Asker: 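Take this structure, written in structure tokens, and hold onto it; I'll ask about it next.
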Amino acid sequence: MAKKNIFTDSFGNIYVLKRLIIFILGLVSYRRFNGFNKLKITGTENLTDLPDTNVLFVSNHQTYFADVAAMYHAFCAVNNGYHNTIKNPVYLLNPKVDFYYVAAEETMNKGILARIFKIAGAVTVKRTWRAEGKNVNRMVDLTEVENIMKALDNGWVITFPQGTTSAYAQGRKGTAKLIKNQRPIVIPIKINGFRRAFDKKGLKIKVTGVKPTMEFKPALDIDYDNESATEILDKIMHAIEQTPEHNLLHDYDEKLKEPKPLA
């Protein structure tokens, strides 16, 4: 596999091409986040003074591409000294290129646009529990795990521990196991409103006038030696607010499941 140098990233993608792709996609998507809809970003002070490598961002997931595109805007803005705002798109001229995101392989192989997004920084994995709309049960590909670790060794990585855009879905222990092994700084991200503003793919605007939110939270306090993968995953799910107590409909749904008293 390729090694990072001044011309290419650790996966052999040419930096000049990555910069061009991020710039063009950034311009195309800019009005989606600061025009038709107004993205509200908070907590970017938690990104100040982070190291250039071994930082893992964990987030809930609402669309295939809009979530990641908005994160690119936020990271590029912070990279140029703009905090909690994307009002000045000049930051696209100096993007953060050593930024990667974990994405399902089947999603990133569908269509030319998805392949372009892939060059921008996708680290693809095959879902072990779901493929092509069907439940599956397959072993983890260790090469894919190594690729995520390689991305962490060379930059920042965003992952979606639920592995799906469904709200309040169960988190996957693979993320927690990776954290125990790699020991990255873990920054939770809580997003909201993307599902309402965009279609499932995140390519089409569904409603205008929405104010999607993206909150960067403080780094998680993790005892890598003594906490189990389950305990780490619980911390992550609570931080990204995907546990039952954050689901306003949870209590209502539970009451519906209760047997009705006989008349």
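Worth saying up front: this structure is predicted, and the values here are computed from it rather than measured.
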Asker: Heavy-atom distance under 4.5 Å between the side chains of K150 and V123, does that happen here?
Answerer: no
Asker: Side-chain contact, heavy-atom cut-off 4.5 Å: E245 with H238?
Answerer: yes
Asker: First locate atom NZ of K211, then atom NZ of K38, and finally report the distance between them rounded to the nearest 0.5 Å.
Answerer: 9.0 Å
Asker: Should N60 and Q162 be marked as a side-chain contact (heavy atoms from CB on, under 4.5 Å) after you check the CA-CA gap, both sets of side-chain angles, and the distance that decides it?
Answerer: CA-CA 7 Å; N60 61 314; Q162 293 165 289; 3.7 Å; yes
Asker: Does atom CG of D223 have more than 12 heavy-atom neighbours, drawn from other residues, nucleotides or ligands, at distances under 6.0 Å?
Answerer: yes
Asker: Within a strict 4.5 Å, meaning less than it, do heavy atoms of the L56 and I185 side chains meet?
Answerer: no
Asker: Give a yes or no on whether the backbone of S228 and the side-chain of E231 come within a donor-acceptor separation of less than 3.5 Å.
Answerer: yes
Asker: Examine distances only and state if a side-chain atom of K40 and a backbone atom of T213 form a donor-acceptor pair shorter than 3.5 Å.
Answerer: no
Asker: Minimum heavy-atom separation for A66 and F194, please, with both atom names.
Answerer: O-CE2, 3.8 Å
Asker: Please report whether the ring centroid of F160 lies less than 6.0 Å from that of Y64.
Answerer: no
Asker: Check the pair Y15 / F7 against ring pair (Phe, Tyr, Trp, His ring centres under 6.0 Å), numbers first and verdict last.
Answerer: CA-CA 6 Å; Y15 277 132; F7 301 108; 9.1 Å; no
Asker: If we only count heavy atoms from C-beta on, is the L152 to T53 side-chain gap below 4.5 Å?
Answerer: no
Asker: Show the nearest heavy-atom pair for residues H83 and T48, with the distance to one decimal.
Answerer: CE1-OG1, 3.5 Å
Asker: Is any NZ, NE, NH1 or NH2 atom of the basic residue among D225 and K180 found under 4.0 Å from an Asp or Glu carboxylate oxygen of the other?
Answerer: no
Asker: Can we call the ring centroids of F75 and W156 under 6.0 Å apart?
Answerer: yes
Asker: Check whether any side-chain N or O of N54 sits under 3.5 Å from a backbone N or O of D153 as a donor-acceptor pair, and report yes or no.
Answerer: no
Asker: Passes ring pair (Phe, Tyr, Trp, His ring centres under 6.0 Å), Y100 versus F11? Steps please.
Answerer: CA-CA 11 Å; Y100 305 90; F11 297 95; 5.5 Å; yes
Asker: For Q170 and M237, which heavy atoms make the closest approach, and how far apart are they?
Answerer: C-CE, 4.5 Å
Asker: Run the numbers on N84 and E45 for side-chain contact (heavy atoms from CB on, under 4.5 Å), then give the verdict.
Answerer: CA-CA 8 Å; N84 297 328; E45 62 273 9; 3.5 Å; yes
Asker: Could you tell me if the side chain of I191 sits less than 4.5 Å from the side chain of S59, heavy atoms only?
Answerer: yes
Asker: Check whether any side-chain heavy atom of I187 sits under 4.5 Å from a side-chain heavy atom of L47, and report yes or no.
Answerer: yes
Asker: Using only atom types and a distance under 3.5 Å, with no angle test, would you say the side chain of N80 pairs donor to acceptor with the backbone of A77?
Answerer: no
Asker: So that I know where these two stand, are Y72 and F99 an aromatic pair - ring centroids less than 6.0 Å apart?
Answerer: yes
Asker: To check you understand the geometry: which heavy-atom pair defines the closest contact between L50 and F57, and what is its length?
Answerer: CD1-CZ, 4.2 Å
Asker: Identify the heavy atoms of N94 and R19 that sit nearest to each other, and give their distance.
Answerer: OD1-NH1, 3.9 Å
Asker: Where do A70 and M214 come nearest, in terms of heavy atoms and distance?
Answerer: CB-CE, 3.6 Å
Asker: As a quick check of understanding, evaluate side-chain contact (heavy atoms from CB on, under 4.5 Å) for F216 and T42, giving each step before the final call.
Answerer: CA-CA 6 Å; F216 294 90; T42 57; over 6 Å; no
Asker: Is the shortest distance from a Lys or Arg side-chain nitrogen in E227 or K235 to a carboxylate oxygen in the other one below 4.0 Å?
Answerer: yes
Asker: May I ask you to test the D98-D52 pair for a side-chain heavy-atom distance under 4.5 Å?
Answerer: no
Asker: Counting N and O atoms only, with roles assigned by atom type, does the side chain of T159 sit under 3.5 Å from a partner on the main chain of P161, one being a donor and the other an acceptor?
Answerer: no
Asker: I'd like to know if the side chain of K217 reaches the main chain of A239, judged simply by a donor and an acceptor atom lying under 3.5 Å from each other, with no hydrogens or angles considered.
Answerer: yes
Asker: Measuring only between side-chain heavy atoms, which start at C-beta, is Y91 closer than 4.5 Å to H73?
Answerer: yes
